[in-house]
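Data first, discussion second: the structure below is written as structure tokens.
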Amino acid sequence: MIHFDNSYARMPEGFFARVAPTPVAEPKLLALNEGLARRLGLDAGWLSGPEGVAMLAGNAVPQGADPIAQAYAGHQFGGFVPQLGDGRAVLLGEVVAPDGARFDIQLKGSGPTPFSRRGDGRAWMGPVLREYVVSEFMHAMGVPTTRALAAVATGETVWRESGLPGAVLTRVAASHIRVGTFQYFAVRGQEDALAALTDHVIARHYPAANGPLSLLDHVVARQAETIAHWMALGFIHGVMNTDNMAVSGETIDYGPCAFMDVYHPDTVFSSIDRGGRYAWAQQPQIAVWNLAQLATCLIPLMGERDAAIEAATKSVHGFAPIYQAAWRRRFGEKLGLTEAADVQPLAERLLTMMAQQRADFTRVFAGLADGRARDEFIDRDAFDAWAADWQAQGPDPDLMRHANPVRIPRNHRIEEAIAAAVADDLGPFRRLFDAVTHPRDARSEWDDLAHAPLAEQIVHQTFCGT
Ligand code: AMP
Ligand code: MG
């Protein structure tokens with residue numbers, strides 16, 4: 001039994017389409033996140049029982065749920081699409097956790113909706129398990145993110161280039177409201193809807209905001225912090241379209257996302273990102289671009305137009321200083337230095353050296369606390385010269401150990417775990433999940449998962465979930 005309270009389903013007509021998930025042939029629980037179930041005040045025993053699994057597969061709509069597919073638009077790789085929407089997901093409803101925090105419970109891969117266009121509304125097991133493990137790693141590292149409550153195999157085949165086993169992910173988010181949700185109403189000139197959405201988002205995410213401009217300021221600040229987190233983990237989202245940017249500031253829509261092994265700022269993994277629009281180093285600029293789209297949507301609500309444009313522009317320009325301060329804080333912690341130290345030049349020198357020498361991002365930073373970072377470089381003298389200047393600042397090893405994961409969900413390990421799961425062996429997936437959700441824990445049994453890929457293990461490209 002779950003107590004739902006569905007505030008979004010009470011929004012005006014046009015915000016969503018009411019649609020139930022489509023039942024699947026043979027649901028089988030692949031993973032249940034007991035820690036998250038506790039956080040939400042849900043009974044993990046019930047969730048993993050027949051009624052719970054039926055809900056998580058979309059085979060039964062529990063009492064109190066009010067399933068909807070949300071409407072949104074979005075810029076995809078810079079090109080505007082006026083109607084996207086949940087084409088393969090339904091929001092079952094919202095739950096209020098014991099501490100009063102409200103969460104969306106969404107099924108992803110739950111069958112067609114009025115927004116499916118030509119898609120089948122389904123997901124295959126690969127992207128479901130990828131999102132499950134990556135989002136929970138991000139959470140373990142303190143990055144604002146949607147989370148994964150469960151993954152269920154459907155017992156059905158999903159057709160992509162070949163037949164693949166289907167799955168449904170249960171995603172938990174502060175909300176699924178995107179920059180693209182605002183765009184959906186803005187492009188239709190629906191100011192009343194925009195105002196209602198603005199009020200909803202303020203009440204739900206930014207109660208301190210006192211209007212559309214103030215809301216924009218808050219979203220800008222939240223996004224700047226989130227992107228700085230990504231940068232500090234070598235994370236590349238891969239599809240930073242405006243429909244994949246949540247106004248809550250949570251990382252959302254883990255598609256072809258990946259973490260860098262070898263450090264290079266231009267790294268891109270997504271097979272569809274040919275121009276490198278969403279490369280690692282581009283992410284802050286792209287966030288600003290997306291926030292400018294949000295600003296454009298909010299301007300009609302801000303009163304006199306010229307003044308509104310000026311204020312909104314200033315708000316979006318507020319990203320840079322907040323981001324830079326967050327970057328210095330994040331990379332400062334990675335170097336074991338507090339804000340007082342001269343972080344920026346030290347961090348930049350280290351990154352430049354890493355790029356030149358093709359050093360592994362995660363291993364270099366993890367190695368700083370235990371003296372093994374040097375081993376990651378070919379030119380050890382260059383590293384030693386840098387390290388002398390760094391040591392002179394008095395780095396704190398505990399700060400470093402907290403900021404730098406020993407282990408990340410590396411691409412080759414994720415693919416290995418997916419391949420095994422497809423062949424009915426969930427062992428590698430479970431092991432990877434345990435290891436990366438204890439990312440600072442240097443346990444010897446997980447040593448192999450901290451290794452960089454061998455040449456033949458390197459993953460060069462990742463693919464969308466579609
Ligand atoms: P994404 O690439 O996940 O950000 O999705 C972009 C848009 O395509 C969203 O509107 C999705 O709902 C839709 N979409 C992606 N995959 C499918 C699918 N298999 N069936 C229907 N719609 C999909
Ligand atoms: Mg998306």
Side-chain angles (χ1 to χ4, degrees), residues 15-17 19-22 24 58 67-92 104 106-132 134-135 145-146 148 154 156-171 173 175-185 187 236-248 250-258 268-274 277-278 286-287 290 293-294 461-466:
F15 275 66
F16 52 79
V19 53
T22 306
V24 303
I68 57 174
Q70 289 174 297
Y72 53 86
H75 276 95
Q76 300 191 310
F77 291 90
F80 187 64
V81 185
Q83 179 163 318
L84 292 163
D86 289 333
R88 54 165 162 175
V90 294
L91 175 60
L92 279 184
D104 274 9
Q106 192 204 57
L107 302 183
K108 187 171 173 184
S110 52
T113 77
F115 302 111
S116 295
R117 293 170 293 164
R118 284 173 304 280
D120 60 1
R122 292 298 186 190
W124 77 275
M125 204 182 274
V128 166
L129 296 181
R130 174 183 284 272
E131 175 159 347
Y132 193 103
V134 176
S135 65
T145 179
T146 65
T154 61
E156 293 178 1
T157 299
V158 172
W159 290 95
R160 297 296 179 254
E161 263 107 59
S162 57
L164 297 160
V168 177
L169 177 77
T170 304
R171 178 160 70 178
S175 86
H176 287 80
I177 302 167
R178 306 144 192 270
V179 169
T181 316
F182 282 83
Q183 292 181 291
Y184 182 86
F185 299 110
V187 72
I236 302 158
H237 181 284
V239 220
M240 284 180 74
N241 295 335
T242 56
D243 52 302
N244 293 336
M245 185 185 251
V247 293
S248 66
E250 288 184 340
T251 311
I252 193 172
D253 276 5
Y254 292 85
C257 67
V268 173
F269 288 99
S270 169
S271 62
I272 56 170
D273 189 1
R274 295 210 178 80
R277 179 180 170 92
Y278 299 142
I286 291 291
N290 289 350
Q293 307 312 313
L294 177 62
Q461 247 189 1
T462 53
F463 299 87
C464 277
T466 40

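Atoms within a ligand are numbered from 1 in the order they appear, just like the ligands themselves.
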Working to the nearest 0.5 angstrom, can you tell me the gap between [X] [atom1] and [Y] [atom2]?
X    : Y    : atom1 : atom2 : value
T113 : R88  : OG1   : CZ    : 11.0 Å
M240 : R277 : CE    : CZ    : 9.5 Å
N244 : R178 : CG    : CZ    : 6.5 Å

Which of the numbered atoms in ligand 1 are below 4.0 angstrom from a heavy atom of [X]?
X    : result
S116 : 21 (C), 22 (N)
D243 : 4 (O)
D86  : 12 (O)
R160 : 19 (N)
N244 : 4 (O)

Do any heavy atoms of [X] fall under 4.0 Å from ligand 1?
X    : result
R178 : no
Q76  : yes
D253 : yes

Short side-chain donor-acceptor distance under 3.5 Å, Y254 and T146: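 No, Y254 and T146 have no side-chain donor paired with an acceptor closer than 3.5 Å.
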Which segment of [X] sits under 4.0 Å of ligand 1 when only heavy atoms are counted:
X    : answer
R122 : backbone
D120 : both
Q70  : neither
Y72  : side chain

Would you say that [X] contacts [Y] through its side chain, given a criterion of any heavy-atom pair below 4.5 Å between the two side chains?
X    : Y    : value
D86  : Q106 : yes
V268 : R274 : no
F80  : V187 : yes

Nearest-option assignment for atom 20 (N) of ligand 1, heavy atoms, candidates G121, G109, P112: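 Considering heavy atoms of G121, G109, P112, the nearest to atom 20 (N) of ligand 1 sits in G121.
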Pick from G85, P127, P256, G87: the one approaching atom 10 (O) of ligand 1 most closely through a non-hydrogen atom: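 When every heavy atom of G85, P127, P256, G87 is considered, G85 comes closest to atom 10 (O) of ligand 1.
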Environment of the Mg ion (ligand 2) in terms of protein N/O/S atoms, cut-off under 2.8 Å: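 Atoms qualifying: N244 OD1, D253 OD2.
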With sequence neighbours excluded, residues passing side-chain hydrogen bond (donor to acceptor under 3.5 Å, both in side chains) with Q70: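 Counting only residues at least two positions away or on another chain, Q70 forms no side-chain hydrogen bond (donor to acceptor under 3.5 Å, both in side chains).
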Shortest non-hydrogen separation from A73 to P82 and the atoms involved: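 The answer is CB-O, 3.2 Å.
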Passing candidate, side-chain hydrogen bond (donor to acceptor under 3.5 Å, both in side chains) with D253, options H176, H237, R171: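 Looking at H176, H237, R171, the match for D253 under the side-chain hydrogen bond (donor to acceptor under 3.5 Å, both in side chains) is R171.
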Check: F15 ring centre within less than 6.0 Å of Y184 ring centre: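 No, ring centres 6.0 Å or more apart.
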Contacts of Y132 that satisfy ring-ring contact (aromatic ring centres under 6.0 Å, His included) - sequence neighbours left out: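 Testing Y132 for ring-ring contact (aromatic ring centres under 6.0 Å, His included), a comparison that skips the adjacent residues, returns F429, F433.
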For Y278, all residues meeting ring-ring contact (aromatic ring centres under 6.0 Å, His included), sequence neighbours excluded: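 In terms of ring-ring contact (aromatic ring centres under 6.0 Å, His included), with neighbours along the sequence ignored, Y278 is linked to F77.
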